[in-house]
Structure formats: C-alpha cells, structure tokens
*Asks:* 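Structure incoming, see below.
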Amino acid sequence: MLEARLEQANLLKKVVDAIKDLVQDCNFDCNDSGIALQAMDNSHVALVSMMLKSESFSPFRCDRNIALGINLGSLTKVLRCAQNEDILTLKAEDAPDVVNLVFESAETDRISEYDIKLMDIDQEHLGIPETEYAATITMPSAEFQRICRDLSALSESVSIECSKEGVKFNCQGDIGSGSIHLRSHTNVDKPELNVEIDLTEPVSLTFSLKYLVNFCKASGLSNQVKLCLSNEVPLLVEYALSNNSYLRFYLAPKIGD
Amino acid sequence: TPLQNDLGEFFTAI
C-alpha cells in the first residue's frame, strides 16, 4: 500500500496547477523512491517529468510499485478543497480503484477526506538520454516568466542564443522584434536573483513561446529555474524542489525557416 | 515560420 504525507498541501497544488494545462490524464508511479510522473502533451512537443522523492514526504511508505492513473482536472477539483497549509496524506491500496486524499488542518481539528476514482491509462514511457548540455543557464524563475510573457506578445517563437557574451532571447513578429540580453550576475544579498551561465559551446535554438509560457506556471515552485540547451536537442527547463525532488519540462526545438 | 519538431524524434519509447 501507499501512504505519503506532505507537510503542506501547497506543494502538490502548485505542481498540479503547473502541469494541468499541458497534460490531462497521467499515471503517478509510486515506488519506494517516491512518486514520479512522466507525460507528453497531446501534440508530442512537450514532456512533463515530475519526481517527488520519498524524502519530500514524512512518513512515506510504498511497499509495491503502484501506478495511480489520475485525471488532473479531477485532482485539481479535490485539491481546491485543501487549504494551502493543510497536511496532505495520499493513500492507496496495492491494486487500487481509488486514491484517498486526507487534508488535516494543523490549527483546527478539521479533517477532510476525498476519494478520486482511478483510470486505466496506457501511457507511452519515453527514455530520456543522459545529456551533457552545451549551455546551462540558471536564472530567477520570475525573470524567465517575464521574458516569455513579454516576447509572446510579439511572436510565436523565441530563439535562445547562448555565447560567451551571455544569453539572448530574441523574437520576430508581425509588429516588430524584441530581444532581451542577460549576462552572468551575482547578487550576494539576494542569491535568488543570480544569473549563472555555464557554457561549453555556443548554442542557438528556437522554441515555441506558447509552451514556454505554459512551463512558467511552475514559477511559484522555485525562485530559480535552470535551462539546459544543446544544439538540435530538446530544451530542459527544471524547477528544483526540496529534497532533490523536481519538476522538469522538455520542449522539442523548432527547425528551419 | 520555423517548423515544430516532434519530441519522439529525440526520445524513444521504452
């Protein structure tokens, strides 16, 4: 059986909120290392990969591998019934028909309990090759969100160019063009504002802004976001969570003109 | 307009 207790319901609320517009029905794969989710969007352009390590829960118990097939719309409805600060416990039997969610308020004695019916989801699992990326940019997640939002007003695509000069986000649209240039930057007092660029070779890739704007819904999960790029491979956008847990998005590049 | 690649071209099903 599975029993996983989260100190704050907020974490799961934010994760589900960040991915629910990209993917609808997903398997939450539970085993003794934690709860993982991998799902591709319908157009096969973006992939969500979530890992909530067992250390992110206290306690965490999962004796056998269990796949919980959940509709994220249904999960959202139920998670809305939880206060952000509620303690959340996920429970399921070994061959479950439902997943049980218990929300406990630390301040009052209120305990609420919900069951969500599970679905049989036959999902293709993708092998993601270990990649030594040519460029890794770590930057404030709010800054990345702003760049994506600003440029999406002008164009459908953004080119991300990384060189010794820094990183440049460029777009061209019907009304004109825009570009934002960032350099490495260290703020001793506010390290969450740091921009770190780790480059082994110059990179230039083009991506759909619609998807990037969507990924940025995860900005509330982490102050910083990591962008990993290599020429001609999908972009990795990573929001690191506590205890080595993470929410990652992969986005296939655009090619040619 | 640049063409959108499919993720399946990079990641294989397992």
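Naming convention: chains lettered A, B, ... in sequence-line order (proteins, then strands); numbering from 1 in each chain.
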*Asks:* Under 4.5 Å, heavy atom to heavy atom: which of residues 141-149 of chain A reach chain B? Give them by number, or say none.
*Replies:* none

*Asks:* Report, one line per pair, each donor and acceptor closer than 3.5 Å where one atom sits in a side chain of residues 121-140 of chain A; sequence neighbours left out.
*Replies:*
{"residue": "A:Q123", "atom": "OE1", "partner": "A:N27", "partner atom": "N", "Å": "3.4"}
{"residue": "A:Q123", "atom": "NE2", "partner": "A:D25", "partner atom": "O", "Å": "2.8"}
{"residue": "A:T131", "atom": "OG1", "partner": "A:P129", "partner atom": "O", "Å": "3.1"}

*Asks:* Using a cut-off of 6.0 Å, state whether more than 12 heavy atoms not belonging to A:K226 lie near its atom NZ.
*Replies:* no

*Asks:* To the nearest 0.5 Å, what is the distance between CG on B:N5 and CD1 on A:I255?
*Replies:*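 Rounded to the nearest 0.5 Å, the CG-CD1 separation comes out at 4.5 Å.
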
*Asks:* Between CZ of B:F10 and CG of A:L251, what distance do you get to the nearest 0.5 Å?
*Replies:* 10.0 Å

*Asks:* Which residues from residues 231-248 of chain A are near chain B, with near meaning under 4.5 Å between non-hydrogen atoms?
*Replies:*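 A:E232, A:V233, A:P234, listed by number.
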
*Asks:* Return yes when atom CD of A:Q24 has more than 12 non-hydrogen atoms of other residues, nucleotides or ligands closer than 6.0 Å, and no otherwise.
*Replies:*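 Yes, because the 6.0 Å sphere around CD of A:Q24 holds more than 12 heavy atoms from other groups.
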
*Asks:* Listed by residue number, which members of residues 158-175 of chain A have a heavy atom under 4.5 Å from any heavy atom of chain B?
*Replies:*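 The list, in residue order, is empty: none.
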
*Asks:* So how far is it from A:M40 CE to B:L7 CG, rounded to the nearest 0.5 Å?
*Replies:*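 Rounded to the nearest 0.5 Å, the CE-CG separation comes out at 6.5 Å.
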
*Asks:* Mind checking whether B:F11 and A:Y250 have ring centres under 6.0 Å apart?
*Replies:* yes

*Asks:* How many angstroms lie between atom OH of A:Y211 and atom CD of B:Q4, to the nearest 0.5 angstrom?
*Replies:* 6.5 Å

